Amino acid sequence: MTSALRILVFSILVALCSCQSDEFLYDTFPAGFKWGAATSAYQIEGAWNISGKGESIWDTFVHSDEPHVADGSTGDVACDSYNFFREDVALLKNLGVNFYRFSFSWSRLIPTGDLRDGFSEPGVDYYNGVINELLANNIEPTVTLYHWDLPQGLQDVGGWLNRTVVERFAEYADLAFLLFGDRVKTWYTVNEPWVQAVQGHGWGDYAPGLNQSGILDYQAGHHLLLSHARGWRIYDEKYRNSQGGKIGYTMDSSWLEPKTQTQADIDAAERGMQFKLGWFAHPVYSVDGDYPPIMKEYVARHSAEEGFPQSRLSEFTPEEVAYVRGTFDYFGLNHYTTNLAEYAVYPFAPSYATDAEVFPSFNETWPESSADWLRVVPWGFRKLLNWVKNEYGDIPIFITENGYADFPGTIDDVGRVDYYRSYINEMLKAIKLDGCNVIGYTAWSVIDNFEWAAGYTQRFGLHYVDFSDPARPRTPKSSAALYKQIIADNGFPAPPKNEDKNDL
Ligand SMILES: *[C@@H]1O[C@H](CO)[C@@H](O)[C@H](O)[C@H]1NC(C)=O
Ligand SMILES: *[C@@H]1O[C@H](CO)[C@@H](O)[C@H](O)[C@H]1NC(C)=O
Ligand SMILES: *[C@@H]1O[C@H](CO)[C@@H](O)[C@H](O)[C@H]1NC(C)=O
Ligand SMILES: *[C@@H]1O[C@H](CO)[C@@H](O)[C@H](O)[C@H]1NC(C)=O
């Protein structure tokens with residue numbers, strides 16, 4: 001599709017979609033729809049220096065003298081799920097989920113990150129314990145291989161900026177399939193490559209804390225994409241026949257709504273979607289592969305204007321385009337919020353924002369959360385699902401994260417109850433009214449946990465965790481009861497009989 005035609009189709013789609021309708025849809029999800037909840041290793045496990053685990057870039061980042069974390073906290077102990085994982089499984093069992101999405105700490109399994117230095121038996125024992133406990137409770141274990149905690153040993157030789165990381169990731173993935181693939185049948189290679197690239201290498205607010213936007217973020221992103229593809233192909237070629245599982249990766253994306261109906265803002269919103277989700281989706285899910293044409297065009301033009309001898313965006317060879325394209329079994333999507341998109345030319349360069357020529361903002365009427373980046377805009381979820389279907393075709397979409405941030409101590413979390421009810425309902429509309437092929441949904445998160453640079457100041461859990469108590473007691477919030485009910489009903493079969501319960 002030419003970009004003019006693409007923009008035309010997009011404009012028609014936006015015009016036709018009555019997605020901002022507030023009417024609640026009483027209906028159920030298709031039979032076999034999968035419900036789950038998620039965590040990641042660094043955010044919950046603690047035990048950062050136990051049983052031979054090597055340090056990761058997050059260990060380094062939180063222990064550095066620079067103040068990287070809002071409340072000065074660390075994930076050294078976090079929810080202590082290294083010791084309390086049976087409690088976590090009991091919470092999942094009570095929710096009635098079909099699956100649990102959690103991640104392996106690469107450096108707990110391979111302390112230096114390089115398998116040639118050996119792997120850790122206690123690390124393997126720990127994940128065998130988690131997996132077997134889940135299976136004993138009839139919950140499917142689904143595993144993220146990389147959720148941002150690169151072994152420090154690999155960072156010491158350049159981390160995601162050094163192409164050899166792709167080989168190290170391939171060896172790690174292969175080991176994971178070999179050791180755990182008899183029981184793990186759903187894999188996610190890389191979680192949110194955009195965040196690892198942009199926040200870890202462009203802005204520097206996340207580990208490894210590098211901040212050359214428009215340069216290092218593109219280089220890191222390139223190797224994250226190649227690593228995903230390597231992991232997928234190893235599974236496909238070596239393990240799929242014998243193990244019979246599925247593998248994909250999980251991208252994060254907001255929905256971008258044009259700030260005004262001017263052509264400049266409508267184009268900016270579409271371009272912003274290509275720079276955000278398209279950056280990591282187009283190479284894998286589009287028919288042609290490679291980065292989105294408009295992203296290549298804009299970065300190349302800006303690079304030339306700035307006097308760079310070549311585009312700051314890395315290039316795939318034709319062989320790599322073919323190697324990366326089609327490496328999916330599903331479209332893993334993490335979604336939280338919506339932004340307004342406005343056409344903008346920035347005074348500073350080079351940077352990712354300059355390249356996209358998009359300024360993101362919020363409509364001040366959108367309800368806030370405890371995270372400044374997260375506003376409650378349920379209809380954006382439905383528009384995003386329609387965009388994915390329109391852009392990449394009828395690929396099964398797997399919602400691998402969705403959730404809401406509140407403040408520490410909230411147990412009657414009415415904000416999260418409202419968020420889940422309305423977002424899950426918009427997903428239902430996308431399936432039932434728009435024909436989007438969504439196969440599963442994952443709530444982020446099972447428990448309050450270490451929210452990266454926000455530390456423990458923002459809480460995403462369905463369960464409250466008391467981080468001042470060494471036993472880390474977990475207490476269900478109101479949203480846990482709501483989610484349990486949605487799962488039991490497989491949706492929203494009918495309006496509540498008792499009007500008083502309307503707000504549940
Ligand atoms: C692990 O780190 C903790 C601090 O989080 C420290 O008290 C303890 O001594 C360390 N243990 C080892 C074996 O280094
Ligand atoms: C990349 O990593 C390899 C080890 O895998 C190392 O020998 C090499 O020096 C690294 N390159 C850079 C530029 O750091
Ligand atoms: C970028 O990182 C360098 C090195 O850590 C630091 O000195 C500088 O203040 C950072 N710049 C910004 C804008 O964060
Ligand atoms: C913000 O939302 C309000 C209420 O829906 C709407 O009237 C207004 O036009 C919106 N403004 C923008 C810039 O989207």
Side-chain angles (χ1 to χ4, degrees), residues 14 18-22 42 44-64 69 72-83 105-108 110-117 120 122-123 150-172 201 208 210 212 215-216 219-220 222-223 226-227 230 254-262 264-266 268-269 272 314 337-344 358-368 375-380 383 422 450 455 467 470 472:
V14 168
S18 57
C19 293
Q20 291 190 33
S21 138
D22 286 324
Y42 187 73
I44 65 161
E45 284 179 3
W48 73 283
N49 57 359
I50 307 288
S51 68
K53 174 181 163 293
E55 291 187 28
S56 79
I57 55 175
W58 271 92
D59 292 312
T60 309
F61 196 63
V62 300
H63 293 148
S64 100
V69 181
S73 64
T74 71
D76 288 358
V77 182
C79 310
D80 202 5
S81 289
Y82 183 77
N83 291 306
S105 156
W106 185 342
S107 63
R108 192 179 297 289
I110 306 173
T112 65
D114 188 335
L115 186 55
R116 295 168 299 186
D117 300 329
S120 159
L150 190 74
Q152 183 59 39
L154 298 182
Q155 189 63 44
D156 292 342
V157 290
W160 289 110
L161 302 175
N162 185 329
R163 196 183 167 108
T164 61
V165 73
V166 181
E167 290 315 305
R168 302 293 85 77
F169 179 80
E171 291 153 7
Y172 161 47
H201 299 80
L210 302 175
Q212 271 184 278
I215 298 178
L216 300 185
Q219 292 172 17
H222 200 66
H223 296 142
L226 287 168
S227 295
R230 280 283 271 144
S254 306
W255 169 247
L256 292 181
E257 180 74 8
K259 181 165 182 182
T260 70
Q261 287 306 308
T262 60
D265 284 356
I266 291 170
S314 311
T337 196
T338 284
N339 285 278
L340 296 174
E342 185 180 356
Y343 167 63
V358 179
F359 181 74
S361 62
F362 292 118
N363 185 321
E364 287 308 319
T365 68
W366 297 343
E368 296 181 299
R375 297 276 185 130
V376 183
V377 196
W379 51 260
K383 288 200 180 189
S422 54
F450 178 77
F467 291 99
R472 296 294 191 269

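Numbering of ligands and ligand atoms starts at 1, following listing order. Keep in mind that this is a model prediction, so the values were computed, not measured.
- Contacts with ligand 2 closer than 4.0 Å are made by heavy atoms of both the backbone and the side chain of V157.
- F450 places none of its side-chain heavy atoms less than 4.5 Å from the side chain of F467.
- Ligand 4 places these atoms under 4.0 Å from at least one heavy atom of N363: 1 (C), 2 (O), 3 (C), 8 (C), 10 (C), 11 (N), 12 (C), 14 (O).
- Not a single N or O atom of R116, backbone or side chain, sits closer than 3.5 Å to an N or O atom of ligand 2.
- Proximity of atom 14 (O) of ligand 2 to the protein is indicated by at least one non-hydrogen atom lying closer than 4.0 angstrom.
- Checking side-chain atoms of D80 against main-chain N and O of V77 turns up no donor-acceptor pair under 3.5 Å.
- Q261 and D265 share no donor-acceptor pair across their side chains, judged by distance under 3.5 Å alone.
- In terms of modelled atom types and a separation under 3.5 Å, the side chain of S120 and the main chain of K53 share no donor-acceptor contact.
- Side chain to side chain, S51 and Y82 meet the donor-acceptor criterion of an N or O pair below 3.5 Å.
- Side-chain contact, T112 with D114: no donor N or O sits under 3.5 Å from an acceptor N or O.
- At a distance under 4.0 Å, no protein heavy atom can be found next to atom 9 (O) of ligand 1.
- Counting only heavy atoms of the protein, atom 2 (O) of ligand 2 lies nearest to N162 ND2, 2.3 Å.
- Inside a 4.0 Å radius of atom 5 (O) of ligand 1 there is at least one protein heavy atom.
- Evaluated by nearest non-hydrogen atom to atom 1 (C) of ligand 1, the leading choice among D76, N49, T74 is N49.
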